[in-house]
Amino acid sequence: PQGNFLQFTCPTKYKSQRRCQQPDTFQDYIDALPEWERQLFLYWKHITNHEDLKTQILLGKMLYYVTDGGADDGIGYFGWVIASDTTVLVEGSGNTLGSEHLMESLRTETYGSIAMFTFLLHYRTYYNITDVPSNQQFSCDNNQVISRTTTREEKIAPTTYIPADY
């Protein structure tokens, strides 16, 4: 035969012999996440006991979620806290990735919100908390971020609000 030929083989089924074990600590769980998620949690800590947030959620206590972000000379940063009525329970911060020419408040504040809500998702997954916190309030000084985090009936892609830099 003439020309170049490619030979394809059918994939074979593969079943892992290893069972996934629950990591010993929540930090071990975070360390096992894909890199794009891990970079959201480079700087975070429990301010009090590491199970205080779990207790607040399970008791149906009021939770306050606060985020902020900013940019200085094209370098973006964000911070977030989760608090009860009287105590800051968890806090986190990090750098906002993206082109320095496109770095602005909306991007950094959205990054902070994504980081905090993704943290909550993984926290609830690790501690097997199936109940959604019944009393919660989200605060951010950017109205666009607030309006974009409200419940919507239609599905939206992340790129709807934060287009790629390329």
Polar side-chain atom of R107 near backbone of L97 as donor-acceptor pair, under 3.5 Å | yes
Give a yes or no on whether the backbone of A115 and the side-chain of T118 come within a donor-acceptor separation of less than 3.5 Å.
-> no
For the ring pair F26 and F41, is the centre-to-centre distance below 6.0 Å?
-> no
Give the minimum heavy-atom separation between N95 and Q39, together with the two atoms involved.
-> O-OE1, 4.3 Å
Grab the two heavy atoms, one from K54 and one from I129, that are nearest each other, plus how far apart they are.
-> CG-CD1, 3.8 Å
Contacts table for residues 76-85: side-chain donor-acceptor under 3.5 angstrom, sequence neighbours left out:
{"from": "S84", "atom 1": "OG", "to": "T86", "atom 2": "N", "distance (Å)": "3.3"}
{"from": "S84", "atom 1": "OG", "to": "T87", "atom 2": "N", "distance (Å)": "3.1"}
{"from": "S84", "atom 1": "OG", "to": "T87", "atom 2": "O", "distance (Å)": "3.3"}
{"from": "D85", "atom 1": "OD1", "to": "Y64", "atom 2": "OH", "distance (Å)": "3.0"}

Sub-4.5 Å side-chain heavy-atom contact between I75 and M103 = no
Are side-chain heavy atoms of N135 and K61 found at a separation under 4.5 Å?
-> no
Less than 3.5 Å apart, which donor and acceptor atoms pair up between the side chains of residues 66-73 and the rest of the protein, not counting sequence neighbours?
{"from": "T67", "atom 1": "OG1", "to": "S113", "atom 2": "OG", "distance (Å)": "3.4"}

Quick one: side chain to side chain donor-acceptor pair (under 3.5 Å) partners of [X], sequence neighbours excluded?
X: H122; answer: Y29, E37
X: D28; answer: T25
X: S139; answer: none

Is there a path of hydrophobic side-chain contacts, each under 4.5 Å between heavy atoms, that joins [X] and [Y]?
X: V88; Y: I57; result: no
X: I114; Y: I30; result: yes
X: L33; Y: L40; result: yes
X: M62; Y: L58; result: no

Looking at OG1 of T55 and CG of L89, how far apart are the two atoms once the value is rounded to the nearest 0.5 Å?
-> 9.5 Å
First locate atom CG of L121, then atom CE of M116, and finally report the distance between them rounded to the nearest 0.5 Å.
-> 12.5 Å
Return yes if a side-chain donor-acceptor contact under 3.5 Å exists between Y65 and Q136, otherwise no.
-> yes
Show every donor-acceptor pair shorter than 3.5 Å between a side-chain atom in residues 42-49 and any protein atom, with sequence neighbours excluded, or say none if there are none.
{"from": "W44", "atom 1": "NE1", "to": "Q27", "atom 2": "OE1", "distance (Å)": "3.2"}
{"from": "T48", "atom 1": "OG1", "to": "D52", "atom 2": "OD2", "distance (Å)": "2.4"}
{"from": "N49", "atom 1": "OD1", "to": "E51", "atom 2": "N", "distance (Å)": "2.6"}

